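Here's the structure, in structure tokens; my notes come after.
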Amino acid sequence: MHVSEVKPNTLVIIPSRLGSTRLPDKPLADIHGEAMIVHVWRRAVEAGIGEVVVACDHSSIKAVIEAAGGRAVLTRPDHPSGSDRIFEALSKADPDGRVEVIVNVQGDLPTIAPSAVRACFDPLLDSAVDVATLTAEIVRDEEKSDPNVVKVIGSPVAERRLRALYFSRATAPYGDGPLYHHIGLYAYRRSALARFVTLPPSTLEKRERLEQLRLLEAGMRIDAAIVDDVPLGVDTQHDLDRARAIIGASIKG
């Protein structure tokens with residue numbers, strides 16, 4: 001393992017799409033006086049690993065980010081995935097190709113800890129790693145068999161870090177020991193992201209419905225940093241109410 005002493009030039013990109021079937025205009029949902037996407041942007045900025053850009057598909061999202069003092073770029077509305085959206089945003093935000101690492105923070109994680117964003121970046125200090133992501137140990141028994149909870153199957157390579165060998169919706173691996181919940185933040189080397197968006201969907205990706213398997217099937221290495229908690233993703237009104245309660249408590253605290 002070769003750990004770099006030089007921090008690579010890093011850009012944090014937050015993909016944000018206005019359309020949502022379960023929660024209309026989700027990025028603009030109000031949480032204590034600010035749009036949800038602004039809360040995500042603030043936490044990414046607080047991580048302190050590089051400039052933060054919101055990659056959005058609508059001028060209303062761009063407007064609220066710019067009003068908060070941030071930077072946003074408009075991207076095509078018809079991208080098949082967030083990865084394609086961040087690649088377009090990268091070409092607009094960094095046309096000269098200076099950025100070496102791109103950290104993808106999902107736009108529906110208003111309670112994400114800045115430390116978790118930093119943790120996602122850290123495995124890329126190892127030159128053997130192409131892509132980094134996050135995971136947390138599953139503590140609730142019902143999640144171990146829940147197909148909506150994606151599991152990381154990996155081998156420990158350092159303290160609080162796994163080399164991902166597979167991702168699955170099944171309960172895996174078999175036998176005694178911890179199971180790990182995959183958290184969908186990613187940090188890509190620029191070359192890995194550029195290659196990823198040119199690859200067709202892979203066999204196991206289509207079977208499991210997990211985009212990250214395309215990377216593994218193409219021979220790229222993914223390492224997962226182990227963090228303590230799974231951040232709350234906002235997909236429904238119930239999730240939004242929980243996020244408001246969590247952020248409200250932190251404001252009062």
Side-chain angles (χ1 to χ4, degrees), residues 1-4 8 10 12 47 49 81-83 86 100-106 109 112-193 195-197 199 201-233:
M1 179 177 74
H2 177 261
V3 178
S4 173
T10 301
V12 181
I49 58 173
S81 72
S83 303
I86 67 169
E100 300 168 83
V101 169
I102 303 93
V103 179
N104 175 8
V105 177
Q106 299 303 322
L109 300 174
I112 184 74
S115 59
V117 180
R118 289 193 295 271
C120 190
F121 165 82
D122 287 344
L124 288 186
L125 296 175
D126 181 346
S127 60
V129 179
D130 298 299
V131 180
T133 190
L134 295 180
T135 190
E137 186 173 345
I138 297 174
V139 295
R140 297 169 60 184
D141 284 342
E142 63 269 26
E143 292 187 348
K144 294 177 180 179
S145 58
D146 185 346
N148 295 310
V149 175
V150 177
K151 289 80 178 177
V152 181
I153 298 93
S155 294
V157 290
E159 187 177 1
R160 296 179 68 79
R161 188 172 127 208
L162 304 174
R163 177 174 180 175
L165 303 176
Y166 193 63
F167 296 84
S168 183
R169 297 181 182 278
T171 304
Y174 177 78
D176 294 333
L179 297 178
Y180 288 96
H181 184 155
H182 180 230
I183 300 167
L185 273 75
Y186 294 95
Y188 301 89
R189 295 197 191 281
R190 190 182 191 123
S191 56
L193 178 63
R195 183 182 176 201
F196 175 56
V197 297
L199 294 169
S202 63
T203 301
L204 292 171
E205 172 191 1
K206 290 186 285 188
R207 183 166 176 172
E208 290 262 19
R209 290 178 291 114
L210 296 174
E211 190 180 57
Q212 62 270 35
L213 289 174
R214 190 186 318 175
L215 294 157
L216 291 181
E217 288 185 81
M220 286 184 264
R221 175 169 167 178
I222 305 175
D223 277 20
I226 301 170
V227 296
D228 294 327
D229 301 300
V230 177
L232 171 65

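Everything quoted here is computed from the prediction, not taken from an experiment.
Counting only distance, with no hydrogens or angles, the side chain of Q106 and the backbone of G184 share a donor-acceptor pair below 3.5 Å. A donor-acceptor contact shorter than 3.5 Å links the side chain of D130 to the backbone of R221. The backbone N or O of A218 lies less than 3.5 Å from a partner atom in the side chain of R195, making a donor-acceptor pair. The backbone N or O of R209 sits less than 3.5 Å from a side-chain atom of R169, completing a donor-acceptor pair.
The side-chain heavy atoms of V131 and P123, taken from C-beta on, include no pair separated by under 4.5 Å. In this structure, the side chains of Y186 and S83 stay at 4.5 Å or more apart for every pair of heavy atoms. Taking the side chain as every heavy atom from C-beta outward, F167 and L216 approach each other to under 4.5 Å. Under the 4.5 Å side-chain criterion, counting only non-hydrogen atoms from C-beta, E143 is not in contact with V230. Counting only heavy atoms from C-beta outward, the side chains of E208 and V150 never approach each other to under 4.5 Å. You'll find the side chain of V103 stays beyond 4.5 Å of the side chain of L185, heavy atoms only.
Scanning both residues, S155 and L165, for their nearest heavy atoms gives OG-CD1, 3.6 Å. What you find for F196 and E211 is that their closest heavy atoms are CZ-CG, 3.4 Å. Nearest heavy atoms, L215 versus Y188: CD1-CE2, 4.4 Å. Smallest separation of non-hydrogen atoms from L179 and T171: CD1-CG2, 3.9 Å. Shortest non-hydrogen contact noted between D228 and R160 is OD1-NH2, 3.0 Å. The heavy-atom pair separating R118 from I49 by the smallest distance is CG-CG2, 3.8 Å.
Annotation: the span from I183 atom CD1 to I112 atom CD1 amounts to 7.0 Å, rounded to 0.5 Å. Remark: L162 CG to D223 CG distance equals 8.0 Å, nearest 0.5 Å. Considering CG of L204 and CG of L213, their distance stands at 6.0 Å, rounded to 0.5 Å. Atom OG of S127 sits about 6.5 Å away from atom CZ of R189, to the nearest 0.5 Å. H181 contributes atom NE2, which lies 8.0 Å from atom NZ of K151 (distance to the nearest 0.5 angstrom).
Heavy atoms of other residues, nucleotides or ligands lying less than 6.0 angstrom from CZ of R207 number 12 at most.
Under the 4.0 Å criterion applied to side-chain N and carboxylate O atoms, R161 and D126 are assigned as salt-bridge partners.
Using a 3.5 Å distance cut-off with no hydrogens or angles, the side chains of Q212 and T133 do not pair a donor with an acceptor.
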